[in-house]
Amino acid sequence: MDKSARTLADQHIKEYFSRLNHIDELFRQAEQHPELHRQPPEVTAGLHKLRQERDSLAARLGQAGSGNENKDGPKADLLGPLAVWDIVAEQLEKLVERFNK
């Protein structure tokens, strides 16, 4: 990978870490909200599923951020589409908003 591609990949990794921090803050808000315990089981199950997705994405990000490359390509390829992060964050934001109504 040439220098400009590495620089671009590093920028993307920083952006992903920023989004991960936002997702983690949303999880803190959702999990600490008093309304969470009064929600139907499918809400807490949905939150658990989102947590698993977050953990999977974070593991991929950690692997990319460590500079490890897989046999299929450069570290930037490990990250996957940014849209997945946006979907997880959007679902968490909706959940937190629902609690605050």
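- The salt bridge (charged side-chain N to carboxylate O under 4.0 Å, His left out) search around K94 returns E90, not counting sequence neighbours.
- Contact annotation: the side chain of V88 never approaches that of L26 to less than 4.5 Å [non-hydrogen atoms, C-beta and beyond].
- Scanning for side chain to side chain donor-acceptor pair (under 3.5 Å) contacts around Q32 gives an empty result, with sequence neighbours left out.
- Separating the CG atom in D10 from the CD atom in E15 is a distance of 13.0 Å, to the nearest 0.5 Å.
- With sequence neighbours excluded, the residues that form a salt bridge (charged side-chain N to carboxylate O under 4.0 Å, His left out) with E25 are R28.
- Legend: residues meeting ring pair (Phe, Tyr, Trp, His ring centres under 6.0 Å) with H33, ordered by chain and number and at least two apart, are F99.
- The shortest heavy-atom contact between L47 and F27 is CD1-CE2, 3.6 Å.
- A heavy-atom distance below 4.5 Å is not found between the side chains of Y16 and L57.
- Going from atom CG of D24 over to atom CD of E31 covers 9.5 Å, rounded to the nearest 0.5 Å.
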Name each donor-acceptor pair under 3.5 Å that joins a side chain in residues 36-46 to protein atoms two or more places apart or in another chain, with its distance.
{"unit_1": "R38", "atom_1": "NE", "unit_2": "E35", "atom_2": "OE2", "d": "3.3"}
{"unit_1": "R38", "atom_1": "NH2", "unit_2": "E35", "atom_2": "OE2", "d": "3.0"}
{"unit_1": "Q39", "atom_1": "OE1", "unit_2": "R98", "atom_2": "NH2", "d": "3.1"}
{"unit_1": "Q39", "atom_1": "NE2", "unit_2": "E35", "atom_2": "O", "d": "3.2"}
{"unit_1": "T44", "atom_1": "OG1", "unit_2": "P41", "atom_2": "O", "d": "2.9"}

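- In terms of the side chain to side chain donor-acceptor pair (under 3.5 Å) criterion, E53 has no residue partners (sequence neighbours excluded).
- Under the rule for a side chain to side chain contact (heavy atoms under 4.5 Å, CB included), the partners of A58 that lie at least two apart in sequence or sit in another chain are L20, R54.
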